[in-house]
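Each chain gets a letter, A, B and so on, in the order the sequences are listed, and its residues count up from 1.
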Number of protein chains: 2
Amino acid sequence: MPEQITELSVRDALIAQSLVEVVSASNRLTRYAARATGETESPAVWRTLAVLRTSGPLRIGELAAESRVAQPTMTKIVRGLAESEWVLRIADQEDARAWQIAITAKGERAFQTWRARLGEAMLPLFSDLTDEEIEVLASASALVHARIAGQLLTAGD
Amino acid sequence: MPEQITELSVRDALIAQSLVEVVSASNRLTRYAARATGETESPAVWRTLAVLRTSGPLRIGELAAESRVAQPTMTKIVRGLAESEWVLRIADQEDARAWQIAITAKGERAFQTWRARLGEAMLPLFSDLTDEEIEVLASASALVHARIAGQLLTAGD
DNA sequence: TCAGGTATATAGCCAAGCTATGTAATAATG
DNA sequence: CATTATTACATAGCTTGGCTATATACCTGA
């Protein structure tokens, strides 16, 4: 089945377009900020910490799924995070093969520092935002976050 | 000067926080969509085409700056794009060292196809959006796009 | 108890990005 | 006009982040 063309409703097309524009614009912004701050950690590291903060301790496999990387990639990321003492590996009580990965206070601080650094890098471009515009950004991110967190990747669809 | 801590105004802190949340949420969403679609091209390729579409033909150096990659990286990206016939290299009239890089009709089609594919991958998570929420997403991306396009990276600050 | 399945680890590969540097053209300067 | 400095792109070579395939250890069910 090559090149499956799907006909979307006008409404769905509008939604899809808005979503694509959000991720495109954000991608450019992220890239700008990452270079401005001379970021050294990979995005996956920060995604992983973000997941751990909101979900609490998770197994490596769960963490991989939620951070959208393959399991061996997450094994590697967790090794690095554990060496930095940003996460702690806790032996799983119920399964000796597994670990519970938890963010540490040090990891939490690193995460906050990263957020501050990133925010400051972007700020000069956005210091003129109106209250309404700030609200728009906050709403947009909340809306996306609510729908993306905890979504498994469905292989079929 | 290690670990420069800057005190932001409450307002700036709010803006910075909203921005960080936007890029974090979008990053997770992008990553979801990229895996769902089995994306093969790098994000930089699509950023580059997006820049060319809105800015018109650019030199490799300008394109590198605007797409937020180093110049040799852009040389490599353009080589790939030219091989796919998604861009055309046009000898610069005013400088024999330089090229004008222009998107082709084929490149434009590839870009649109990518957008459609990406949008459809995200749609299932967002099909319940209200009109107001769609508007919020569109406004947020417009707002970001307007401020990020054409911004050079200031080495100082 | 043993067969199959599952959680993580390891090995090894590939691609994308970078820095440093080369080459050729242009610009500036005496 | 000759020479030197600068600029635009290309090349070389490296590092790293991600992947697939597979090994290892443990768990589960017949």
Atom [atom1] of [X] and atom [atom2] of [N]: how far apart are they, to the nearest Å?
{"X": "B/W46", "N": "C/dA16", "atom1": "CH2", "atom2": "C1'", "value": "16 Å"}
{"X": "B/E62", "N": "D/dA8", "atom1": "CD", "atom2": "P", "value": "9 Å"}
{"X": "B/D92", "N": "C/dA27", "atom1": "CG", "atom2": "P", "value": "11 Å"}
{"X": "A/L63", "N": "C/dA9", "atom1": "CG", "atom2": "P", "value": "12 Å"}
{"X": "B/E94", "N": "D/dC9", "atom1": "CD", "atom2": "P", "value": "13 Å"}
{"X": "B/D95", "N": "C/dT23", "atom1": "CG", "atom2": "P", "value": "19 Å"}
{"X": "B/W99", "N": "C/dA24", "atom1": "CH2", "atom2": "P", "value": "14 Å"}
{"X": "A/E83", "N": "C/dA9", "atom1": "CD", "atom2": "P", "value": "12 Å"}

Verify the contact: side-chain N or O of [X] to OP1 or OP2 of [N], cut-off strictly under 4.0 Å; return yes or no.
{"X": "B/R68", "N": "C/dG17", "result": "no"}
{"X": "A/T73", "N": "D/dC19", "result": "yes"}
{"X": "A/R79", "N": "C/dT8", "result": "no"}
{"X": "A/R89", "N": "C/dA9", "result": "yes"}
{"X": "A/R47", "N": "D/dG17", "result": "no"}

Let's see if you can work this out: which of [options] has an atom nearest to the side-chain heavy atoms of [X]?
{"X": "B/S42", "options": "C/dC18, C/dA16, D/dC27", "value": "C/dA16"}
{"X": "A/A44", "options": "D/dG13, D/dG18, C/dT8", "value": "D/dG18"}
{"X": "A/V69", "options": "D/dC9, D/dC19, C/dT10", "value": "D/dC19"}

Scanning both residues in full, the closest heavy-atom pair of B/I15 with A/F126 reads CD1-O, 3.7 Å
Donor-acceptor pair under 3.5 Å, A/Q71 side chain vs C/dA9 base: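 Present.
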Checking side-chain polar atoms at under 3.5 Å, does B/E41 have a donor or acceptor matched by the opposite partner on B/W86? no
Next on the checklist: Counting C-beta onward and ignoring hydrogens, is there a side-chain heavy-atom pair between A/L129 and A/V136 closer than 4.5 Å?
Outcome noted: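 No, their side chains stay 4.5 Å or more apart.
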Residue pair A/E41/B/G61 against DNA chain D: nearer the 5' end by closest nucleotide is B/G61
Toward the 5' end of DNA chain D, by each residue's nearest nucleotide, B/R31 or B/K76 =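 With B/K76 and B/R31 compared, the 5'-side residue is B/K76.
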Worksheet item: With no hydrogens and no angle check, is any side-chain donor or acceptor of B/R89 less than 3.5 Å from a backbone partner on B/W99?
Response: no
When you measure from the side chain of A/S55 to the backbone N and O of A/L52, does any donor-acceptor pair fall under 3.5 Å?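 Checking the backbone N and O of A/L52 against the side chain of A/S55, no donor-acceptor pair under 3.5 Å is found.
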Exercise for review: Give A/A96 one of three labels, base, sugar-phosphate or nothing, depending on what nucleic acid heavy atoms sit under 4.0 Å from its own.
Suggested key: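 Sugar-phosphate contact only - A/A96 comes under 4.0 Å of backbone atoms but never of a base.
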Contacts of A/P72 and B/M74 projected onto DNA chain C by closest heavy atom; the upstream (5') one is A/P72
Could you label the plane-to-plane angle of the A/W114 and A/W46 rings as parallel, tilted or perpendicular, counting under 30° as parallel and over 60° as perpendicular?
parallel
